[in-house]
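Notes follow the structure.
Residue numbering restarts at 1 for every chain, and letters A, B, ... go by the order of the sequence lines. Computed from a prediction, not measured in an experiment: that's the story for all the values here.
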Amino acid sequence: MKKKTVLLIILSLLLLTGHSGTLSAAGTRPVSAQSPTEISFWHSMGGVMGVTLEGIVQNFNDTVGAEKGISIKTVYQGKNLELAKKLKAAVQANDTDSMPDLTLMSSGETGYMLNLEIAVKAEDIFNDNLIGLSQDDFLPGAVKALSYQDKAVGLPFAPSSLVMYYNRDAFIAADLDPDTPPKTIAELAEVSKKLTIEENGQISQYGFGLVIDSWHMASWIGQQNHDGNGYSLFGDNDNGHADQMTKVVFDENGTMQHFLEIYTAAAKEGNFKYKDDDLVNNFIAGNVTITLHSSSMLPGLLKDTAGNFELGVAAIPMVDENSTGGVSFGGSAIYPMNLGDENNFNAALEFLKFFYLPEQQVTWQAGSGYLPAVKSAFESEAYKSFVAENPFYNVAPAQVLASNPNIQEPMVGVGTTILVILKDGIAEVLDGNMSIEEGVAEMADQCNIAIEEYNDAN
Amino acid sequence: MIKRKSEPYLYLIPALTIVILFVYYPFVKTIISSFFKVDIYGNLKEFVAFNNYLKLFSNQNFYRAFSQTLLHTLMYVPISIFIGLGLAFVSNQKSHFSRVYETLFTLSMAISVSIACQIFRMIYNPSYGLLAKTFGINIAWLTNKQYALFAVTFILIWIQIGFNYIYLSASLKNIPEDIIESANIDGAGFFRKLFHIYIPMISSSLFYLIVTSIITGLTMITPVLILTEGGPQRSTQTMIYNMYVYAYNNSNYAMAYTYGVVVFFLVAIIVAINFSFERKSVFYR
């Protein structure tokens with residue numbers, strides 16, 4: 001079946017190129033005038049990101065699309081989870097008519113997409129040279145984040161990483177150099193202490209504020225170099241990328257213990273604000289002066305802090321000097337779907353070719369805060385001139401390009417539950433309700449129960 | 001003859017279809033599925049008898065959610081009914097402004113839970129919220145595990161008051177004047193009248209409110225989903241919230257089905273206990 005599909009794709013490609021070749025040679029009208037191909041594109045990008053994405057699609061429809069007779073219709077299907085639910089429902093009903101020709105999918109659904117036959121896998125796209133790019137053209141960490149059973153499954157669409165945001169004005173007010181933000185958690189504690197302002201026995205300005213969960217821990221565990229490989233694992237089977245994850249290993253390899261020893265001391269010294277449901281707004285309001293968040297927050301934060309204070313962006317602080325400083329990747333993937341209509345499938349591939357052009361990648365980055373997924377984009381003039389004017393946008397790429405691609409978030413069906421377990425467990429340790437040893441054991445136990453329950457049913 | 005016999009059933013079909021489709025079918029399906037392993041696509045995979053139930057009852061989180069749900073219900077039901085009753089008594093004294101405060105008391109009922117939650121999220125915010133800024137109460141209501149459940153319960157009490165008020169005030173006004181008058185002539189004090197006339201006379205409304213609030217209390221989830229997501233440190237997890245997490249976060253439908261069945265029977269038992277009091281202490285006119 002799979003061979004047949006690939007053969008079909010190749011044949012259809014040959015046909016299409018041959019066809020259009022004869023047409024242009026004969027000097028007749030372009031294909032578009034005869035048979036405009038309309039395809040649908042499901043996405044999960046809301047707000048500013050959605051607007052940017054739709055701008056890129058419109059641009060495609062007006063240029064390449066108009067030339068080749070392709071028109072793409074974007075459909076916002078809600079956030080990642082919503083989109084996944086809708087696609088799964090269509091798949092279960094075998095309702096090909098309402099399935100998209102192109103779809104985004106969060107990295108958590110990679111295992112599902114691997115088994116979904118109509119979703120064309122990144123590895124096949126690379127091997128059959130369907131979009132003129134090979135695996136080496138992409139950021140290795142971004143590809144790894146979307147691979148399962150050692151196969152590249154999804155094409156990286158919206159990679160992002162954690163970065164540190166800080167309030168430069170507050171740094172200056174506290175006699176700190178805003179151009180040398182803290183590089184380790186120990187330094188962060190010192191700086192945070194100096195940034196803390198107390199009024200009438202109440203803290204009115206916090207230095208560092210962050211509610212830690214598994215997303216942050218993926219980077220802080222991953223960047224520890226406990227066995228000399230240059231990275232550490234969160235869970236077994238290569239964080240769930242080699243095969244189904246069966247347990248977490250952050251307890252066995254000592255990385256969680258090591259992190260908590262350093263972090264609890266730092267939190268005490270630096271008055272870290274580690275419990276708050278509204279950190280981003282507190283940061284914008286100036287109540288918290290340093291925090292970590294996704295690089296995709298950058299366009300929004302630049303807009304919201306303008307007028308309040310000058311924003312600073314830097315790499316996230318390392319656990320200690322022995323860490324590599326690497327960060328994990330987040331973000332979604334894009335899949336062309338082969339629903340049986342060659343024209344539509346080729347149209348989807350045309351859009352991918354267009355989207356991975358450096359100019360479009362930079363437009364995407366500028367409007368969404370996500371990183372370009374292809375290496376060539378970073379070397380392009382468009383990128384260089386963009387970051388020369390907007391140096392903040394270079395922080396996440398620089399950090400990511402220097403990271404070991406094996407630093408990854410755990411790929412597991414119960415990701416949200418693990419997120420909550422770590423969030424609660426770390427808060428208990430910071431509150432002093434549990435010792436570090438107890439906390440690590442408790443978190444590992446609970447994660448393992450959740451993973452086991454999931455694996456047992458699936 | 002046949003026609004006359006079958007006619008009543010024909011009228012039943014529309015209602016029955018809806019009830020069977022949306023109540024009984026899911027109910028039966030939930031019970032059956034709770035005895036199976038279920039994969040992420042919702043397919044039944046393997047019969048496991050009571051295994052899911054054993055797993056549920058051996059999970060300490062279940063007991064935690066159960067006791068938190070119970071605590072919520074124990075605060076929510078009496079307080080909201082007590083305040084509703086108090087307001088009903090106040091507005092039972094006729095005055096020029098009755099209309100105004102009758103409307104004011106019921107107003108909270110007209111606000112949807114999700115909107116009320118957003119309003120209270122701002123009121124509770126420790127940096128810029130009303131409680132912190134105006135009253136100087138410096139408590140992180142939603143992020144401190146000691147207060148979070150109370151903060152959530154308070155919102156629901158506030159909403160429920162309006163509903164309880166309407167019911168109780170209407171039934172208070174229905175009490176025949178002559179009974180009250182003869183009690184006054186006999187020299188009965190307020191509390192005597194309260195326990196021997198008012199409460200017995202409105203007991204059918206009170207009973208209805210108690211039973212429905214117990215059910216809504218035991219199946220509470222909305223403010224938890226919107227405001228706290230079960231946190232901080234699991235302190236606002238309720239039984240239905242845990243069921244939701246199993247189904248929609250973990251795609252573990254088997255455990256979610258099991259949770260659903262357990263919650264159903266718990267609620268059924270508690271409501272049945274209530275009904276056992278009905279014959280003894282509820283007075284229907």
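- Counting heavy atoms of neighbouring residues, nucleotides and ligands inside a 6.0 Å radius, atom NZ of A:Lys86 exceeds 12 of them.
- Sparse packing is recorded around CD of B:Glu229, with 12 or fewer heavy atoms of other residues, nucleotides or ligands lying under 6.0 Å away.
- In this structure, chain B has heavy atoms under 4.5 Å from both the backbone and the side chain of A:Asp456.
- Atom CD of A:Gln149 has more than 12 neighbouring heavy atoms from other residues, nucleotides or ligands inside a 6.0 Å radius.
- For A:Glu442, the salt bridge (Lys or Arg N to Asp or Glu O under 4.0 Å) criterion is met by no residue, not counting sequence neighbours.
- Under a cut-off of 6.0 angstrom, the local environment of OH in B:Tyr25 is sparse, with at most 12 non-hydrogen atoms contributed by other residues, nucleotides or ligands.
- A salt bridge between A:Glu428 and B:Lys145 is present, with a side-chain N of the basic residue lying under 4.0 Å from a carboxylate O of the acidic one.
- Contacts of B:Tyr124 with chain A are absent, with no heavy-atom separation under 4.5 Å from either backbone or side chain.
- Contact of B:Val38 with chain A is made through the backbone alone, with heavy-atom distances under 4.5 Å.
- Atom NZ of A:Lys268 has 12 or fewer neighbouring heavy atoms from other residues, nucleotides or ligands inside a 6.0 Å radius.
- The environment of B:Phe35 atom CZ is dense: over 12 non-hydrogen atoms of other residues, nucleotides or ligands sit within 6.0 angstrom.
- In this structure, B:Phe22 places its CZ atom where only 12 or fewer heavy-atom neighbours from other residues, nucleotides or ligands lie under 6.0 Å away.
- Residue A:Glu198 places its CD atom among more than 12 non-hydrogen atoms of other residues, nucleotides or ligands, all under 6.0 Å distant.
- Scanning residues 417-425 of chain A against chain B with a 4.5 Å heavy-atom cutoff picks out A:Thr417, A:Ile421, A:Asp424, ordered by number.
- With rounding to the nearest 0.5 Å, the separation of NZ in A:Lys275 from CG in B:Leu142 is 12.5 Å.
- Rounding to the nearest 0.5 Å places CG of B:Asn59 at 8.0 Å from CD of A:Gln446.
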